[in-house]
2 protein chains.
Amino acid sequence: MSEDAIFKNIPQFTVLRFARYLNFLVTLPDVVEEISSSEMAGIIGIKPTQLRQDFFTLGGFGRQGKKYNVRFLIHRLSEVLALQKPQDMVLAGVGHLGQAIANYQGFERFNLVLRGIFDVNPKLIGLKIRDIQVQDLDELQGFIRQHKIQIGIISTPHQSAQIVCDNMVDAGVKAIWNFSPENVTVPEGVVVQNENLSVGIMNLSYRLNRELA
Amino acid sequence: MSEDAIFKNIPQFTVLRFARYLNFLVTLPDVVEEISSSEMAGIIGIKPTQLRQDFFTLGGFGRQGKKYNVRFLIHRLSEVLALQKPQDMVLAGVGHLGQAIANYQGFERFNLVLRGIFDVNPKLIGLKIRDIQVQDLDELQGFIRQHKIQIGIISTPHQSAQIVCDNMVDAGVKAIWNFSPENVTVPEGVVVQNENLSVGIMNLSYRLNRELA
DNA sequence: TAGATTGTTAATCGATTAACAATC
DNA sequence: TAGATTGTTAATCGATTAACAATC
């Protein structure tokens, strides 16, 4: 089977669960060498059948009668999610949220490397976050072009989110991870993920007041 | 039709879109009094039919031949999402992420009121964030009980997330909004929403590398 | 009346679950 | 061999889309 055949047509919700599986698996201590579909499903909060169906889309993951091998699982999921090779990122906007993201532990575990941090505030320029010096936002496009950065993270105030996004895309960024409350838009050939806090809290409010009781 | 009949059985994904509709509608200037399903769907990035089907689940929203009334839409969506009455919240963990959340603009717009902020770090206790003094985490349970807080936000390091969660639930919190990388679990009758950054970036990586090109 | 628009049903599509064969 | 486990198909369930009637 070709790589294409393996990676095409994975259902959208299956991809999200792949991420959750992988996220859980990497926290397991090294001594845990194998895990069953029911153990894992129980922890994630889904049914074992769904997990097996998910893995089935990848073709021939495990063996009947045997549990899944944890190392292999991690390897295969990383591969599907394209996390095997390092990917460089830049971040724009050094407020509390920007600093929280820049300091986020999970990145290097998944081969994601923050290369540049940018802000307009002269007081912040030069500040070191994780050994990276904050640069002037004017340098953003040059930096992206020079280092061929493909992933841009936006944690600016909402007024500047779309402009920063446009600049990133213009300089060659192909994926935007947006934490500003503004829903930014991108042209064809670029992907964007708007992490909208409001949606989260409204959904929680609905579940608290309408689902419960 | 009873309230129950109106609010039961709204599809899960429809609720998430309700949040996105409302989030967009409140940003409209006051002069915009009505909006059509196609205008709104275009901005949100879905099909008009889906939007009308969503509103149909609420029963008799608009009128054939006329656009939707923005004020009424906001009123009705707020009602469904249970955002009409003020809801009190507490937050535990005053790192960068905690401060970013505490300073988040969107809350009061949706009647969500942050009442208490807590941390273990003596250097942070007493610090004022949005006119709220950071208190010692030891005071958390008493505060929740005294003020009958129903919503708890967790932005502590992952080691303490589950303990803080347990303490919140024990004191009466019914909804947990968790930003720590640890997937916390809650007993029956409590809802939890784990906002997992890793899932977001892995999904973005998949889309960048597997969907594009 | 003609055009624009939403309401509502039915058809389609996609995701989840059940069932059981295959394998260890 | 018996028990545990995954692989894989088919059935079910839920979500999206199409079509058009109803209304302004």
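Just so we're on the same page: letters track the sequence lines, and every chain starts at 1.
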### Complement of C:dT12, any strand, by Watson-Crick or G-U distances under 3.5 angstrom
D:dA15

### Pairing partner of D:dC20 (Watson-Crick or G-U wobble, both distances under 3.5 Å)
C:dG7

Assign [X] to base, sugar-phosphate, or nothing according to its heavy-atom contacts below 4.0 angstrom with the strands shown.
{"X": "B:F13", "value": "sugar-phosphate"}
{"X": "A:R63", "value": "sugar-phosphate"}
{"X": "B:S37", "value": "sugar-phosphate"}
{"X": "A:Y68", "value": "sugar-phosphate"}
{"X": "B:Q12", "value": "sugar-phosphate"}
{"X": "B:T49", "value": "base"}

## Note on the structure
Of A:G65 and A:K47, the one whose closest nucleotide on DNA chain C sits nearer the 5' end is A:K47

#### Entry: Phosphate contact (C:dT16 OP1 or OP2) by A:Q50 side-chain N/O below 4.0 Å
yes

### Message
Tell me whether the side-chain N/O atoms of A:R52 come closer than 4.0 Å to OP1 or OP2 in C:dT17.
### Response
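Looking at the OP1 and OP2 atoms of C:dT17, neither is under 4.0 Å from any side-chain N or O of A:R52.
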
### Message
I'd like to know if the side chain of A:N194 and the backbone of A:N178 have a donor-acceptor N/O pair within less than 3.5 Å.
### Response
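Not a single qualifying donor-acceptor pair exists.
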
### Message
Salt bridge check, B:K85 against B:E79: does any charged N sit closer than 4.0 Å to a carboxylate O?
### Response
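Salt bridge between B:E79 and B:K85, a charged N being under 4.0 Å from a carboxylate O: no.
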
